[in-house]
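Heads up: the structure comes next, in structure tokens.
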There are 2 protein chains.
Amino acid sequence: MSGPSKGQVLTRSIEDYLKAIYELEQDGSPAQTSAIAGALDVAPPSVSGMVKRLSEAGLLQHVPYRGVQLTEEGRKAALRMVRRHRVVETYLTTKLGYDWDSVHEEAERLEHAVSDELIERMAMALGSPRYDPHGAPIPSRDGAIEQQSFVALADVPVGDVAELRMVSDKDAERLRFIGSLGLKPGVSFEVLARQPFRGPTTIGLTAAPSKEQVIGHELAESLLCVVVEREVG
Amino acid sequence: MSGPSKGQVLTRSIEDYLKAIYELEQDGSPAQTSAIAGALDVAPPSVSGMVKRLSEAGLLQHVPYRGVQLTEEGRKAALRMVRRHRVVETYLTTKLGYDWDSVHEEAERLEHAVSDELIERMAMALGSPRYDPHGAPIPSRDGAIEQQSFVALADVPVGDVAELRMVSDKDAERLRFIGSLGLKPGVSFEVLARQPFRGPTTIGLTAAPSKEQVIGHELAESLLCVVVEREVG
DNA sequence: TTTGAATTTTAGGCTCTCGTAACTACCGGA
DNA sequence: TCCGGTAGTTACGAGAGCCTAAAATTCAAA
């Protein structure tokens, strides 16, 4: 008795797998076993086993040795988790004074425990926010999510003015550092210089142009931006 | 490698068992296997198995065929869960518009997922409340809990004025009905009449004396009160 | 004091999810 | 085309936590 059916009982583990697979699929291409194992911090054979079960449950399609892709049903379940995670993160920062670097861990546990009703009440209390504190879009109740295309700060040409839009929520230390630079989603800045050979980028915040910030290449690759004003010339 | 040790990793199941056992011990006498099984909706052999593990972990003492008693460590862990449960219930009703009859189920899941920090932030946001929406005392962070002695409404003599103090949070339907009578912790009333043979009690709310309420015996046994004014004579 | 009902425990099994070890498939380079 | 390294899978096993059936214990009533 398997196959696609309504009202699956999803365990915590299954919810974690679906969300991880969804996030891996966002980088194009099917999610690979080792990538899933890495994201969930389990051994690859554990993933093979779970993938088999999820595939039998109709939540994803598995091509052996090639990777997995969520089915419509699996994607929906994954987006439900993503919505929960991001609503919780937003609630904790807005209403309970959490810093943006500490909400991820808490949300990671709460997303499995909250009811749909609680999520809707939180969203309501927040005025149905569209983005979480890290700039990630919050899927709607019915699983629609804004598709975005950003440029990493590392790829914004010198001279352009850009706005920071989104940062990964997974690394607390990185978030603290970014915050200490005065950066958060919505902040705009001009790219003043960049050293070659994957060297650092220098920016000047629009709000405080006098204070320049130097940002290493690796970090600059993780800061997702939109260009607001292209350099003339 | 067992015995009392700091920093146990308590599973959800273990947390449930400890809380259930704590609550059963409140009615005096050690908690019995079947009572625990009933409270958690599992079969008695499951309880025997878990009791063995908890006893080996030093969280309770087990006298075969006689029942179990929490150790200091077990009691502390149980009270931590009780605090979580009641803070969450209070938060949901006060800050997110939940009714007092629907919070129990939600808190039952959240109590396993929230961090100590989140509980303290919720308590802070609420002004460190001493009672939950059902009148139950909230244990302090260090596991101190107010010991109360109440009289069931069914035992309050006719003519006395009493105040409702506490109601079980477990039965949503009962809570809805109690609420529909205008009753909640803090409401006071005069006991106007009581029929014999475990018959109903008639009360008149102090706030609206004209409107009398008739309350069946079973319900009256579950309404925990303090007598505010004893009948003269 | 004996017996029988009720309660508790033991025995044995199942599912879920994880792990390690061993085997298989894929793919790029010689 | 072959060969080896990497990635993926299968085989097997462990622990948690639940179950049913059977055995053991308790206790009260005859």
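Convention: sequence-line order gives letters A, B, ...; per-chain numbering from 1. None of these values were measured; they are calculated from a predicted model.
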Are Glu120(A) and Arg83(A) ion-paired here, with the side-chain N under 4.0 Å from a carboxylate O?
-> yes

Basic-acidic side-chain contact under 4.0 Å: Arg121(A), Glu117(A) | yes

Counting just side-chain N and O atoms, does Thr33(A) come under 4.0 Å of either OP1 or OP2 of dT9(D)?
-> yes

Dump every N/O contact between nucleotides 16-20 of chain D and the protein below 3.5 Å, one line per pair.
from	atom 1	to	atom 2	distance (Å)
dG17(D)	OP1	Thr11(B)	OG1	2.4
dG17(D)	OP2	Arg53(B)	NH1	2.5
dC18(D)	OP1	Ser13(B)	OG	3.2
dC18(D)	OP2	Tyr17(B)	OH	3.1
dC19(D)	OP2	Ala43(B)	N	2.7
dC19(D)	OP2	Ser46(B)	OG	2.5

Separation of dT25(D) atom C1' from Gln32(B) atom CD, nearest Å, is 13 Å

Distance col, row Leu70(A):CG vs Tyr17(A):OH, nearest 0.5 angstrom, shows 14.0 Å

When rounded to the nearest 0.5 angstrom, what is the spacing between NZ in Lys170(B) and OG in Ser222(B)?
-> 12.5 Å

Does Thr93(A) use its side chain to pair, donor to acceptor, with the backbone of Thr90(A) at less than 3.5 Å?
-> yes

Applying side-chain hydrogen bond (donor to acceptor under 3.5 Å, both in side chains), name anything that partners Arg109(B), two or more places apart in sequence or on another chain.
-> none

Interface limits on DNA chain C, where chain A has a heavy atom under 4.0 Å of a nucleotide atom = dC16(C) to dC27(C)

Between Tyr91(A) and Tyr91(B), what is the ring plane arrangement, given parallel below 30°, perpendicular above 60°, and tilted in between?
-> perpendicular

Quick one: label Ser34(A) by what it contacts on the DNA or RNA (base, sugar-phosphate, nothing), any heavy atom closer than 4.0 Å.
-> sugar-phosphate

Given the options Lys19(B), Arg12(B), Arg84(B), Arg86(B), Glu111(B) meets salt bridge (Lys or Arg N to Asp or Glu O under 4.0 Å) only with Lys19(B)

